[in-house]
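First the structure, in the form of structure tokens, and then the observations on it.
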Amino acid sequence: MEGSSPNVMPTQRNALMIGAVAYDPKVIPIWDIIRDYYNRNGFPIDYVLFSNYEAQVESLLNGFIDIAWNTNVAYVRIQRLLEGKAKALAMRDTDIGFTSKIIARTDKGIASLADLKGKRLALGSADSGQAAILPYHYVKASGVDPETDLTLLRYNLDVGKHGDTGTSELEVVRALKQGEADAGAIGESTWIRLLEQGQVNTDEIRAIWTSPGYSHCNFTALPEFDDEKARRFADLLFAMDPTEPEIRKMMEMEGLNEWVSPEGAGLEGYRVLFEAMADQKL
Amino acid sequence: MDVHGLTPDRQLNLVDFPVGADLFLLVKNALQRMEQGQLLEVIGSGIEIKDDLRSWCRLNRHSLVMAMDAGDHYRFLIRNNPVKALEQPDWGIKLPLRKDGRLDIRDWFQGRVGELREQAPAYVGFVPRGAVAEPGVPDFGFSLNQKDDVWSNNLLDLYEQAKEKQWNATTDIAWDELPELPEEMEWAVCQIMTFLAENEYSALYIPAKFMARINPHYIEALMYLSTLIQDESRHIEAFTKRALAGGGGLQYSSALTERSLHSLFIQEDYFKSSFLLHVLGEGTFLDLLTFIEEHAPDPVTRQIVTLAKIDEGRHVAYGIGHVRHIIETHPGMVQALVDAANERNEYLGAADAGENSHLMEALAILAGGGRTPEQLKTGFERVRRLKDVMYEHRVQRLLQIGLTPDIAAAISKTHTPNFM
Ligand SMILES: [Fe+2]
Ligand SMILES: [Fe+2]
């Protein structure tokens with residue numbers, strides 16, 4: 001076609017493009033609400049959904065999207081490629097101080113990490129920070145070698161979604177219930193939700209260990225992303241009113257009480273994952 | 001008790017509760033009842049709930065400040081830290097009783113329940129006025145959101161009256177006293193009952209269609225209107241039964257009546273609808289009922305009409321109270337009433353609607369006492385006088401709601417020949 005350039009993006013590029021991974025159908029209403037909120041506030045954004053974090057990371061790096069809503073694992077990968085210069089713009093309050101738990105059948109005499117020796121330990125998806133990478137790391141750091149001191153059972157489900165779907169954590173719980181495994185790893189949000197829903201009987205399965213807090217997701221932008229835009233993007237997140245019904249709905253679906261700045265504790269909380277992924281050659 | 005300088009504001013004894021749904025539910029509720037920053041002390045049996053409680057707190061933005069071994073139990077201190085604390089409900093306001101132990105709705109406007117606003121709060125949903133709503137109530141899309149839209153100063157009096165004056169069309173009418181009337185008279189009654197019932201359908205449907213649009217903040221308006229539509233359904237029942245009870249039956253419906261009622265039914269503005277239906281329509285209907293009562297050929301017909309009239313009086317009183325209040329506070333709204341009457345006349349004038357010929361004949365028979373030429377002449381004369389009375393009374397009601405004599409006369413003159 002005359003006059004058309006292959007380099008022109010088909011999208012309206014005055015809108016900031018945000019990437020997110022479609023780990024659940026509810027991702028669409030979540031992002032519709034966020035997009036409408038930004039548009040209402042005179043800061044147009046749009047969003048693109050990816051089927052996996054690897055594709056999203058690549059799209060951030062090649063400029064197809066401006067900001068990525070990343071898991072901690074995706075964030076660490078980006079930082080390693082950019083020498084730690086990528087910008088973390090905002091997080092959920094619940095992303096800071098996130099923990100993993102080791103849960104165990106109460107009939108197996110497991111009361112501490114040391115008791116895992118000789119037992120069958122179930123891990124969730126290999127690319128899940130909370131259900132595999134960090135639990136592995138903490139167990140190893142405690143002096144129990146997951147490769148030699150115990151039998152590792154891996155439940156790899158929805159690989160590429162970095163544990164967002166939680167299905168591998170549910171598999172871990174199922175494995176414990178059915179006696180396939182003696183102990184397992186689970187992220188605290190899934191664990192607490194199962195407890196709240198009465199889906200776990202703590203006479204049978206109990207959390208025996210809770211990890212130190214670490215950081216979970218964040219909005220990541222490239223080092224050269226405009227500071228003023230970054231500030232406005234984050235300020236609008238911080239200004240969301242959780243008593244407004246649509247916002248409240250989005251926050252419940254996305255699992256937060258408010259958006260917060262990653263400065264300080266938030267950024268600090270990724271350090272352990274850098275170590276874990278380096279150690280596990282991920 | 002004071003531990004390390006921290007004084008709990010409330011205590012929750014959950015000894016022997018395992019970590020799980022019940023424990024989290026009770027902790028959540030206890031925190032919701034507290035102010036921002038207050039401390040809740042949870043007493044639990046063992047230390048094993050500590051980590052899970054801490055995780056739950058973190059995910060819900062609260063903080064587990066301390067866990068203490070107290071010998072045979074543990075004490076956990078949680079600081080309440082919601083993004084926004086809930087308002088707190090009332091407690092301790094007792095409603096006064098009236099004579100004979102009556103608890104009157106007019107006396108329930110106390111505390112939070114009594115905070116009746118001019119503009120209903122957004123996102124109220126079906127949260128009873130006075131209750132405390134969690135944030136996140138969806139928008140139900142109510143469109144009548146202002147007190148002026150629906151309220152009337154006599155609303156509560158009318159509601160209390162309406163409940164007292166309910167009657168039962170099955171048992172309160174002396175059906176066994178229905179005499180056998182001459183056939184032409186029975187026919188006239190049946191034709192009139194057909195017409196009355198038909199009009200009652202509209203009186204039921206029209207307020208009912210607006211009810212779901214009224215913001216529940218004004219629940220008393222819905223409560224009153226629900227008595228009103230119950231009245232109308234009873235009228236439909238009684239008039240229909242009267243037509244059937246004497247072996248006659250329902251007779252003719254005219255296109256004029258249906259068009260007239262349709263023009264009421266399609267009015268989507270509650271203020272205009274209230275004016276057309278309650279003030280003009282039911283007002284005129286009252287005069288018609290008085291006329292039938294006066295000339296009723298049998299005690300059953302008379303009793304039904306007398307009882308229906310009492311009910312209609314309340315409906316007209318609501319309409320007058322509602323419309324008058326709006327005209328008082330927004331004099332510019334008079335034009336909306338003139339427009340409403342004109343729009344309706346244009347609709348009715350657009351086609352040759354014919355007339356209520358069967359009804360007119362029936363009214364003449366009723367008022368003249370029979371079908372002889374002499375009786376019919378007398379009857380028609382009385383029907384003509386009825387129309388004059390209707391005109392006069394309409395003007396009076398229009399003056400009552402605050403219209404000028406000119407406007408009152410103009411609106412009254414062009415009122416539908418269907419009466420309602
Ligand atoms: Fe009626
Ligand atoms: Fe009525």
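Proteins get letters first, then strands, A, B, ... in listed order; numbering begins at 1 in each. All of these numbers come straight from a predicted model, not from anything done at the bench.
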Measure [X] against the heavy atoms of chain B and call it side chain, backbone, both or neither at under 4.5 Å.
{"X": "A/Asp241", "value": "side chain"}
{"X": "A/Glu244", "value": "side chain"}
{"X": "A/Thr202", "value": "side chain"}
{"X": "A/Ile96", "value": "backbone"}

query = Taking the six-membered ring of A/Tyr38 as reference, does the NZ or CZ atom of A/Arg35 fall below 6.0 Å from its centre and within a 45° cone about the axis?
reply = no

query = How are the rings of A/His162 and A/Tyr53 set relative to one another: parallel (under 30°), tilted (30 to 60°) or perpendicular (over 60°)?
reply = parallel

query = Under 30°, 30 to 60°, or over 60°: which ring-plane class applies to B/Phe109 and B/Trp151, parallel, tilted or perpendicular?
reply = perpendicular

Would [X] and [Y] pass as an ion pair if we require N to O under 4.0 Å?
{"X": "A/Lys101", "Y": "A/Glu169", "answer": "no"}
{"X": "A/Arg105", "Y": "A/Asp107", "answer": "yes"}
{"X": "A/Asp95", "Y": "A/Arg92", "answer": "yes"}

ask   = Checking heavy atoms, do the side chain of B/Val137, its backbone, both or neither come under 4.5 Å from chain A?
value = backbone

query = What residue in B/Val83, B/Asp52, B/Leu23 has the most heavy-atom pairs under 4.5 Å with chain A?
reply = B/Asp52

query = Please walk me through it: do A/Asp182 and A/Lys108 pass salt bridge (charged side-chain N to carboxylate O under 4.0 Å, His left out)?
reply = CA-CA 7 Å; A/Asp182 306 314; A/Lys108 297 292 175 179; 3.6 Å; yes

ask   = Given the options A/Pro245, A/Gly213, A/Gly255, which has more heavy-atom pairs under 4.5 Å with chain B than any of the others?
value = A/Pro245

remark   = Heaviest contributor of heavy-atom pairs below 4.5 Å to chain B, chosen from A/Ala207, A/Pro242, A/Gly198, A/Gly97, is A/Gly97

query = Is there a donor in the side chain of B/Asn80 and an acceptor in the side chain of B/Gln36, or the other way round, less than 3.5 Å apart?
reply = no

ask   = With respect to B/Arg79, which candidate in B/Leu6, B/Leu31, B/Leu40, B/Asp9 satisfies the side-chain contact (heavy atoms from CB on, under 4.5 Å) definition?
value = B/Leu6

Neighbourhood of chain A inside residues 54-63 of chain B, taking heavy atoms under 4.5 Å as contact = B/Ser55, B/Trp56, B/Arg58, B/Leu59, B/Asn60, B/Arg61

Verdict with supporting geometry, B/Met333 and B/Phe275, side-chain contact (heavy atoms from CB on, under 4.5 Å) = CA-CA 11 Å; B/Met333 292 297 275; B/Phe275 170 66; over 6 Å; no

